[in-house]
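Working notes, structure below.
Quick note: numbers below take in every heavy atom, side chains included, and nothing from hydrogens, waters or symmetry partners.
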2 protein chains.
Amino acid sequence: MAKDYGQFCGLAKASSVLGERWSLLIARDLSVAPRRFKDLHEGLPGVPTSVLTARLRDLQVAGVVTRVADERPGGGVLYALTPHGRALETILDALGRWGAGAMAAPGPQDVITDASLAAALRASYQPRATCTTTSYLIHTGAATAWAEATPTAITVGLGVPDLLADLTIHSGPELRAVLAGDLSPAAALSSGAVRIEGSSDVFERFVRTFHVPLTEAAMEVTR
Amino acid sequence: MAKDYGQFCGLAKASSVLGERWSLLIARDLSVAPRRFKDLHEGLPGVPTSVLTARLRDLQVAGVVTRVADERPGGGVLYALTPHGRALETILDALGRWGAGAMAAPGPQDVITDASLAAALRASYQPRATCTTTSYLIHTGAATAWAEATPTAITVGLGVPDLLADLTIHSGPELRAVLAGDLSPAAALSSGAVRIEGSSDVFERFVRTFHVPLTEAAMEVTR
DNA sequence: CCGCATCCGAATGGATACTG
DNA sequence: CAGTATCCATTCGGATGCGG
């Protein structure tokens, strides 16, 4: 069980619940979709099963995570966020934006997982940046995620969605430079760093809709 | 140096910077005011000096914290947040609100520090809840902090401010129940749980201006 | 297989004592 | 005041094993 800090303080409580190694990333993965133990284990490279078990138990005790039966054939158990855990979503997004601003170039060992890609899309979504509802399918490295952006809401998911996307993007980690404004959409396409299936106009819309801001103003958490 | 997670992900980066034990609370204390090493050590009960040294070094390497000279007579060194670190302020507040919703009653060992009280006031501030600029001085347990609330902004600080406050509040941890709406201002005053110097009208304004939302999980525990 | 427990070497945290 | 140095307890990471 997580240690506390001996302080009567909301932040100390939050830190004792989420401050253990891997906890935030478990919450991130579950904030995108309920997952099996095995999904979580594969999406968190290096986590020992014993630690994953312990974290999931701690998060259940803290009321953040719950176990639900998998409805699909084959059954099994899914881990999912409780309502209290879902309240973390905007905070995780804000933390992700904050960390993204300080991210170094990816090392050779760094991976991108489906869930981290989906979470990054959700975190970088800019409301009111587009007037048109558009669906995207994004491949970066070995990760695949999709997003459907309306003018005021974003939905993201893992892997390939059921419906055909308006735009499909193939890229490596260079996609982040585009979303940060460091690499223009046109340059990304012409250099071959990003390959798309769909119109370049829609790719420009994508870049307007998803943005990693560099100013502090954009790091605000929506209350 | 903090371990990373082998993921090219903003949240993984944030977690490697802030996920180590004590880091969030150090950031919280510094988000209220620059502090000396000794202040931080006293405000974080139980942290060994060696760990505090290591965290401050890691946070400096991460560009969150910087060392500045203390201008006041006596000199010395102050730790302060960098602009990048100050961008965490709204995130710390949101995390504090999230954690406050799940907080249990304070144990006998739990302390309230000046910085945690000031941070809690900042986090619980409700913009547009009042039309009048008001200054408060709050004592809870051994902690003292002040706040000046305008209709759209909040300023908080440690200890006793230079100017006389419009309202001075003496309380124990029961103050949280008032801010959570579990205890009416009138009941808090008449029961003696809260003692004020100033008008009870201004105390009502205080309770409207600072509010901790209760989550479902916490309400279940309270019932 | 999936979820979880066990075992072990390495790394980290906690408490105390000590130094520029 | 602002840290280092030291020792010990705990945790983590990785491999392996067990029951359904």
Using whole Å, what does the distance between atom [atom2] of nucleotide [N] and atom [atom1] of [X] come to?
X: B/Asp39; N: D/dA2; atom1: CG; atom2: P; value: 8 Å
X: A/Leu40; N: C/dC4; atom1: CG; atom2: P; value: 11 Å
X: B/Gln60; N: D/dA2; atom1: CD; atom2: P; value: 13 Å
X: A/His41; N: C/dA5; atom1: NE2; atom2: P; value: 14 Å
X: B/Arg57; N: C/dG13; atom1: CZ; atom2: C1'; value: 14 Å
X: B/Leu78; N: D/dA2; atom1: CG; atom2: C1'; value: 13 Å
X: B/Glu42; N: D/dC1; atom1: CD; atom2: C1'; value: 11 Å
X: B/Leu44; N: D/dG3; atom1: CG; atom2: C1'; value: 16 Å

What residues form a side chain to side chain contact (heavy atoms under 4.5 Å, CB included) with B/Val212, not counting sequence neighbours?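 Checked B/Val212 against side chain to side chain contact (heavy atoms under 4.5 Å, CB included); matches are B/Ala100, B/Ser124, B/Leu179.
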
Of all residues at least two apart in sequence or in a different chain, which pass the side chain to side chain contact (heavy atoms under 4.5 Å, CB included) check with A/Ala149?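 A/Ala149 satisfies side chain to side chain contact (heavy atoms under 4.5 Å, CB included) with A/Tyr125, A/Tyr136, A/Ile154, A/Thr209, A/Phe210 only.
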
Test of understanding: with side-chain hydrogen bond (donor to acceptor under 3.5 Å, both in side chains), list the residues that count as partners of B/Arg21, not counting sequence neighbours.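 Checked B/Arg21 against side-chain hydrogen bond (donor to acceptor under 3.5 Å, both in side chains); zero matches.
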
Can you list everything that forms a side-chain hydrogen bond (donor to acceptor under 3.5 Å, both in side chains) with A/Thr134? Sequence neighbours excluded, please.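 side-chain hydrogen bond (donor to acceptor under 3.5 Å, both in side chains) check on A/Thr134 returns A/Arg205.
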
As a test of reading the structure: which of C/dC4, D/dT4, C/dA5 is closest to the side chain of A/Arg67, going by heavy atoms?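 Between C/dC4, D/dT4, C/dA5, the one nearest the side chain of A/Arg67 would be C/dC4.
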
Bend angle of the helix from C/dC1-D/dG20 to C/dG20-D/dC1, from helix axes over five pairs at each end, nearest 10°: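 The end axes of the helix from C/dC1-D/dG20 to C/dG20-D/dC1 are about 30° apart, to the nearest 10°.
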
Can you build the contact string for nucleotides 12-20 of chain D? Use B for base contact, S for sugar-phosphate-only contact, and - for no protein heavy atom under 4.0 Å. SBB------

Output yes when at least one side-chain N/O atom of [X] is less than 4.0 Å from OP1 or OP2 of [N], else no.
X: B/Lys38; N: D/dC1; answer: yes
X: A/Tyr5; N: C/dG14; answer: no
X: A/Arg36; N: C/dC1; answer: no
X: A/Tyr79; N: C/dC2; answer: no

Would you tabulate the side-chain donor-acceptor contacts of residues 110-121 of chain A under 3.5 Å, counting partners in other chains and residues two or more places apart, or write 'none'?
from: A/Asp110; atom 1: OD2; to: A/Gly107; atom 2: N; distance (Å): 3.0
from: A/Thr113; atom 1: OG1; to: A/Ser116; atom 2: N; distance (Å): 3.1
from: A/Thr113; atom 1: OG1; to: A/Ser116; atom 2: OG; distance (Å): 3.3
from: A/Asp114; atom 1: OD1; to: A/Thr144; atom 2: N; distance (Å): 2.8
from: A/Ser116; atom 1: OG; to: A/Thr113; atom 2: N; distance (Å): 3.1
from: A/Ser116; atom 1: OG; to: A/Thr113; atom 2: O; distance (Å): 3.1

Measure the acute angle between the ring planes of B/His170 and B/His139, then classify it against the limits of 30° and 60° as parallel, tilted or perpendicular.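 Parallel.
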
Enumerate the side chain to side chain donor-acceptor pair (under 3.5 Å) contacts for residues 157-169 of chain A, please, sequence neighbours excluded, ordered by first and then second residue.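 Residue pairs passing side chain to side chain donor-acceptor pair (under 3.5 Å), neighbours aside: A/Ser135-A/Asp166.
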
May I have the list of side-chain donor-acceptor pairs in residues 36-43 of chain B shorter than 3.5 Å, sequence neighbours left out?
from: B/Arg36; atom 1: NH2; to: B/Asp70; atom 2: OD2; distance (Å): 2.8
from: B/Arg36; atom 1: NH2; to: B/Gly75; atom 2: O; distance (Å): 3.4
from: B/Asp39; atom 1: OD2; to: B/Arg36; atom 2: N; distance (Å): 3.0
from: B/His41; atom 1: NE2; to: B/Val47; atom 2: O; distance (Å): 3.1

If only side-chain N and O atoms count, and only distance matters, is there a donor-acceptor pair under 3.5 Å linking A/Arg122 with A/Ser31?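 A pair is found: one side chain offers a donor N or O, the other an acceptor, under 3.5 Å apart.
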
